Asks: 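Dropping the structure in here first, questions after.
A quick note: this is a predicted structure, and the numbers were derived from the prediction, not measured. Here is how names work: the chains are called A, B, and so on, in the same order as the sequence lines, proteins then strands, and each is numbered from 1.
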Number of protein chains: 2
Amino acid sequence: MNKMPDPMSEKTTLTDAVHNLLRRAIIEQALKPGMRLPEDTVGDQFGVSRTIVRHALVRLENEGLVVTRRNRGAFVAEPSLEEAKHVFEVRRCLETEVIRLLVERMPSDGYDRLAAHVRSEQTVQGKDGPVSIRLAGEFHVLLAELTGNHVLARYVSEVVLRCSLIMAMYAKSHSSDCAVDEHSQIIAAIRDGDTGRATRIMEHHLGAVAGRAELEKKPDSVQSILSRYGKELAS
Amino acid sequence: MNKMPDPMSEKTTLTDAVHNLLRRAIIEQALKPGMRLPEDTVGDQFGVSRTIVRHALVRLENEGLVVTRRNRGAFVAEPSLEEAKHVFEVRRCLETEVIRLLVERMPSDGYDRLAAHVRSEQTVQGKDGPVSIRLAGEFHVLLAELTGNHVLARYVSEVVLRCSLIMAMYAKSHSSDCAVDEHSQIIAAIRDGDTGRATRIMEHHLGAVAGRAELEKKPDSVQSILSRYGKELAS
DNA sequence: TGCAACAAGATTGTATCCAATTGACCTGAA
DNA sequence: TTCAGGTCAATTGGATACAATCTTGTTGCA
């Protein structure tokens, strides 16, 4: 029955706080795919009422991080391999646009902020922890925000988060070493004004993770395991 | 104090119903940009409690159709011209991807469904009513759904809805005549496997509305008018 | 033994209630 | 007359209470 850590405590509403906490918990794999999220359990944990939790869950459902079944409650999403491909497809599309836009209009402080981010990524390089995963995602969000297009940035943020969840399900390790290096390469290509090269690196960057996920296909959810056993049973 | 029209009455929850009704009302311009949406007023109108309205408003805010100010309530969104440009930018990006995907994988019943839709658009051609606006938008959503990528379709749906709202604010008339014709041209180009031509038509299609919106800039909302006067006042 | 109907528990769906914040109106003094 | 301050109504933020629905365990019967 812990009290809420009172995050920011300022002008942010309780719903926002719970929303952010749940999202972080999902991304960092504290809450694993398929896990149930009963409203009053979550509410008790955070010291808020079900009303708040419900609102937060609605938002998370919109973001594709949880799914809710009528009268059954909310669960951490278990994206299928097909859905995963769809998410990556959209992500590739959006991030290509981000690069195009940045090549033609990178803000003045853009490269500084990118460099700072890469540095902070390097400090945790090698450690395969939640922090590493989060930072790798935030690099892409930062790129999107630098376009100045907040709508685009929001969608990029969403697909990046969903990709984190997908990686959590299907990939064995995030192996962020190559990622940081490729991040630097992308920045360099954008600075050179070389849209093609930047896009190619980005596609390789995303393709690598997507491809790895597909190869190491590791569906250990209750549902998928039982469906396999169910097929044996039917024969 | 009308009772809810009991929409579908099936397995859909009250929140869903209110959500859909409000969304339609906004898109069809029954609820104009900037208009307040007091929770209990809406609740009384639909015969449901504030709780339901609250949940619906949370969803609408996620879709970018309403904005809520802390302790002030919800308002129909008034996208700025900058935000409008951003939405169109994202929309162009997504719809280009839709065309690329359809050229390489159009489902077997795709052209039939598209043809049927265009026919229904033609039946209301000329009339500049809400139905015409809605159908024009649904054409693009249908295109996106035919890709089989539900994630993509969902994002397209969102930006199309926001574009409807933008047009409601900034364009004098939707002038759907040319739109229907261009829809047919896009279908033809996709069928020919001519990605370039289809994309060009789509860009023209979107560019036309976006451009027109910018030219006929008609910000008659209370907020925007007062902001102009406010600047005069400040000088 | 296996299946079906039933009943109890748990969880969500919805409504109502209280508290906190905001905006407007009103009053009063410079 | 204008502006500052204070009070009050209106509205949202949040919590609790009740109803509907699903899950699950149990019991009875074939």
Side-chain angles (χ1 to χ4, degrees), chain A residues 1-22 31 34-62 66-77 222-223 226 233-234, chain B residues 1-22 31 34-62 65-77 222-223 226-227 230 233:
Chain A
M1 198 79 77
N2 300 329
K3 258 297 179 187
M4 277 274 298
D6 196 340
M8 309 296 164
S9 94
E10 266 312 319
K11 282 299 178 185
T12 171
T13 170
L14 277 178
T15 304
D16 293 330
V18 173
H19 178 204
N20 289 331
L21 283 177
L22 283 178
L31 297 172
M35 206 171 252
R36 285 201 60 214
L37 299 172
E39 295 176 358
D40 45 7
T41 301
V42 177
D44 288 348
Q45 283 296 328
F46 289 154
V48 299
S49 99
R50 280 181 48 217
T51 313
I52 308 300
V53 178
R54 262 176 96 69
H55 284 167
L57 289 176
V58 166
R59 293 195 192 172
L60 289 169
E61 183 178 25
N62 263 299
V66 316
V67 295
T68 65
R69 288 203 242 291
R70 185 182 171 77
N71 287 322
R72 301 264 332 263
F75 303 79
V76 178
V222 177
Q223 185 172 329
L226 291 191
L233 199 67
Chain B
M1 197 80 80
N2 301 328
K3 258 298 180 188
M4 278 277 297
D6 196 341
M8 308 296 164
S9 93
E10 268 311 320
K11 282 300 181 186
T12 170
T13 166
L14 277 180
T15 304
D16 292 330
V18 173
H19 178 205
N20 289 330
L21 282 178
L22 283 179
L31 296 173
M35 207 172 253
R36 282 201 61 214
L37 299 173
E39 295 174 359
D40 44 7
T41 302
V42 177
D44 288 348
Q45 283 295 332
F46 289 155
V48 299
S49 94
R50 278 182 50 215
T51 312
I52 309 298
V53 179
R54 263 173 92 69
H55 286 295
L57 288 177
V58 168
R59 294 194 192 174
L60 288 169
E61 183 177 25
N62 273 320
L65 293 183
V66 315
V67 296
T68 65
R69 288 206 241 290
R70 186 178 171 80
N71 287 320
R72 297 267 331 264
F75 303 78
V76 179
V222 177
Q223 184 172 329
L226 291 193
S227 88
L233 200 66

Asks: Rounding to a whole Å, what distance do you find between A/E61:CD and C/dT12:C1'?
Replies: 13 Å

Asks: Rounded to whole Å, how long is the line connecting atom CZ of A/R70 with atom C1' of C/dT11?
Replies: 13 Å

Asks: Please give, in whole Å, the distance from C/dG13 P to B/H19 NE2?
Replies: 16 Å

Asks: Just so I know, are the side chains of A/V58 and B/T15 near enough to count as touching, which here means a heavy-atom distance under 4.5 Å?
Replies: no

Asks: Between D/dT12, D/dT23, C/dT12, which one does the side chain of B/P38 approach most closely?
Replies: D/dT12

Asks: On DNA chain D, nearest-nucleotide positions of B/T41 versus B/T51: which is more 5'?
Replies: B/T41

Asks: Do A/R50 side-chain and C/dG13 base share a donor-acceptor contact under 3.5 Å?
Replies: yes

Asks: What does A/T68 touch in the nucleic acid at a heavy-atom separation under 4.0 angstrom: a base, only the sugar-phosphate, or nothing?
Replies: nothing

Asks: In whole angstrom, give the distance that lies between atom CG of A/D40 and atom P of D/dA17.
Replies: 14 Å

Asks: Please state whether the base of D/dG14 and the side chain of A/R54 form at least one donor-acceptor pair under 3.5 Å?
Replies: no

Asks: Taking CG from A/N71 and P from D/dA20, how many angstroms apart are they, rounded to a whole number?
Replies: 12 Å

Asks: Taking the side chain as every heavy atom from C-beta outward, state whether B/L21 and B/F46 have any pair of such atoms under 4.5 Å apart.
Replies: yes

Asks: So, is B/R72 close to the D/dT11 phosphate, meaning a side-chain N or O under 4.0 Å from OP1 or OP2?
Replies: no

Asks: For A/I52 and D/dT12, give me the distance from atom CD1 to atom C1', rounded to whole Å.
Replies: 12 Å

Asks: Can you check whether B/R59 reaches B/D16 side chain to side chain, under 4.5 Å on heavy atoms?
Replies: yes

Asks: Would you mind reporting whether B/L65 and B/V76 have side-chain heavy atoms less than 4.5 Å apart?
Replies: no

Asks: Using whole Å, what does the distance between atom P of nucleotide D/dT16 and atom CD of A/E39 come to?
Replies: 15 Å

Asks: A/R69 has an atom CZ; how far is it from atom P of C/dG13, in whole Å?
Replies: 13 Å

Asks: Look at the side chain of B/R36 and decide which nucleotide, out of C/dA15, C/dT12, D/dT12, has an atom nearest to it.
Replies: D/dT12

Asks: Would you please test B/R54 and A/H55 for side-chain contact (heavy atoms from CB on, under 4.5 Å) and show each step?
Replies: CA-CA 9 Å; B/R54 263 173 92 69; A/H55 284 167; 3.6 Å; yes

Asks: Which nucleotide wins on minimum distance to the side chain of A/V48, given the candidates C/dG13, D/dA15, D/dG13?
Replies: D/dA15

